[in-house]
Amino acid sequence: MRFLVRRLGFYLVAAWAAVTVNFFIPRAMPGNAVDSMMAKFPNLQPNAQKALEAEFGVGHQGSLLHQYWIYLGNLAHLNLGTSVSLYPDKVTSVLATTVPWTLALVGTATVISFALGTLLGIFAAWRRGGWLDRSLPAFTFLQATPYFFLALIAIEFFSSDLHIFPISGGYTLGLLPGWNWTFIWSAIDHSLLPALTIIATSMAGWMLQMRNVTITTIGEDYVLAAQAKGLSSRRVIFTYAARNAILPNIAGFALAIGFVVAGALVMEIVFSYPGVGLTLLNAVQANDYPLTQGIFLVISFAVLIACMLADLVYVFADPRVRTRQAY
Amino acid sequence: MSIAAPLKVDERGQQAATRSAAPVWRRLTKSLPLKAKIGAVIFSFFILIAIIGPALAPYDPSATTTQVQALAPNIHHLLGTTSTGEDVLSELLVGMRSTVVLGLLTAAIATILAVIVGVSAGFLGGAADETLSLIANVFLVLPALPLLIVVLGYLRNSGELAEAIVLSALGWAWGARVIRAQTLTLRNRDYVLAARETGEQTWRIIIFEILPNEVSLIAAGFVSTVLYAILTSVALSFIGLASFSGWTLGEMLYWAQGQEAIQLGAWWWYVPPGLSVALLGTSLVLLNFGLDEIGNPRLRDGGRRKIKGARWRASDPTPVIREAS
């Protein structure tokens, strides 16, 4: 319990840090939302500046502390402001249309890659020196390859040449997003290649870590004892060796999730997938500060929540942290 | 006795500390695992290109001609040209330097930060440890790439050093955490306690007793940070957020993608930079394999073994026959 409370406290601090970083970034940088709005619509009258400043909440509004207080208040009401590049859409409504795409695709791909990588890592360690173990360098190559390079080649090969997968986008253009089979099928069809490329590049990390820890675990006395008792191989692998070896992998999940998100952002840019990554890049290039901030917050909180879930799983998986103070 | 004993231990501790650096180095060069050797050779090759590459480049990488199509590799252009007539080989040779320099620079800054934070947190303990660990952990869970996209989106054309600083500011935390954990276990070893007992100054204990025993960890951290920096900077340039003008491997891929090299089938244009990054990355991962095996002996002795002619695996029941070694 103590462990959970400590971790919860930590996540509160981390969330506060994310919120504060998010507050300071646009203030430390040159330019603001009103300037880019004025630049975008050259026929705006100069006196429109005042109105826009009021709308976007920039300009002289008292001390920094006062601004910070207002910012926190807006956040608490989920008021993230108005997007500049997609004016007059609210940032929250832009997020509502993009977040589900990323969450569905990246979430599924991450879970599959974690499960598959962990399983393959167990087998590589168990049959050490076998074909799977010896093919590890090939997986390493996939991991060290820039994600987008692999994705580009996959698009060229599978989509342009073989026409197995669509080239880009999240669904067939012209379809209206909705809960009908044509649309859902089209969305699944468009997400297969992005998901496969994410899995291919991120699986090797899980696999390698699982293999190394399992090899260390196999050397432990209790595994030897289990073998000596004459337990079936399967039981020894899964309930004795892998059961203990998976703990660092779960702990590592929290730390690796940031990299997974990073890969996913680049994936969306390569595939023109209608998620938060592509929107973030567009927002940054259009100097759309409110949208940029909103997306950064959403990604940060998504990562923090994923880490918290990993911690919860860890508490269930490792009885030691329930009794002893970890970290 | 009560005075002499710690002194004696201290001498041993000193010896252990000064000796420990040498075996690490000898192990690194002599009985380096094969994977790590391959990694080291490939990585050295890329370093060499980074040093002499720009001098070898046959053309100015930015020199364009009026031709309208990308030329396949030929005798004048060994790796062909882009569709505006730039020589791909020259771009590659020149771009390699900035990419490698950025990786090494970032890793150097991040490793120094990691060592300072990790060692002080682990050695000082108490409130300092709590605070520093908290900061490191917060940096670990903040998503780096979105933050980089946001920050570099504002800091366009600010130079290579600025990008290295931003990259290292977000890349030191993992190393700090690992080094802190190792320092915690070293802090209570006999020779460190003895050094404290004899009134050694804290900085002396850290530099001569603690750090030499963390060399392989620090090296592994350095290597993975180089990998992180190279992959991240290439990805950032590729999506058009390079913070400095000039050729890098990511920049080459950005233009290749923007001018539809893939749709044109101009493989000589996008495969060399992509493959270079992949090979560079693989060499770093292989190097880290080796450092891992040095740190963890169980990973070291290879998989298959033959005992009295019969094949034996680690997962098989322990053979009763004694292994002749």
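Any value given below was found using the heavy atoms of this structure, including those in side chains, with hydrogens, waters and symmetry copies removed. These figures come from a predicted structure and were not determined experimentally. We name chains A, B, ... by the order of the sequence lines, and we start the count at 1 in each one.
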### Task
Tell me, with the steps shown, if F149(A) and Y270(B) meet side chain to side chain contact (heavy atoms under 4.5 Å, CB included).
CA-CA 9 Å; F149(A) 181 62; Y270(B) 62 88; 4.0 Å; yes
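- For I239(B), the parts sitting under 4.5 Å from any heavy atom of chain A are the backbone and the side chain alike.
- Both the backbone and the side chain of L134(B) come within contact range of chain A, each with at least one heavy atom under 4.5 Å from a heavy atom of that chain.
- Considering all non-hydrogen atoms of both residues, A278(B) and P146(A) come closest at N-CD, 4.0 Å.
- When heavy atoms are compared at a cutoff of 4.5 Å, L152(A) approaches chain B by way of both its backbone and its side chain.
- Per-residue counts of heavy-atom pairs under 4.5 Å with chain B were compared for I299(A), T292(A), V266(A), V236(A); the largest is that of I299(A).
- Between V21(A) and L147(B), the closest heavy-atom pair is CG1-CD1, 3.8 Å.
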I'd like a table of donor-acceptor pairs (distance under 3.5 Å, sequence neighbours excluded) in which one partner is a side-chain atom from residues 9-18 of chain A, with atom names and distances.
from   : atom 1 : to      : atom 2 : distance (Å)
Y11(A) : OH     : C307(A) : O      : 3.3
Y11(A) : OH     : D311(A) : OD2    : 2.9
W16(A) : NE1    : T20(A)  : OG1    : 3.4
W16(A) : NE1    : Y68(A)  : OH     : 3.1

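- Of the atoms belonging to L236(B), not a single heavy atom falls under 4.5 Å from chain A.
- Remark: F157(A) CZ is loosely packed, at most 12 non-hydrogen atoms of other residues, nucleotides or ligands lying under 6.0 Å away.
- Proximity to chain B is limited to the side chain of L265(A), based on heavy atoms less than 4.5 angstrom apart.
- Residues passing the ring pair (Phe, Tyr, Trp, His ring centres under 6.0 Å) test with F139(B), sequence neighbours excluded: W172(B).
- Of the two parts of L208(A), only the side chain, counted from C-beta on, holds a non-hydrogen atom closer than 4.5 Å to a non-hydrogen atom of chain B.
- The residue among L279(B), V277(B), L227(B), I38(B) with the most heavy atom pairs within less than 4.5 Å of chain A is V277(B).
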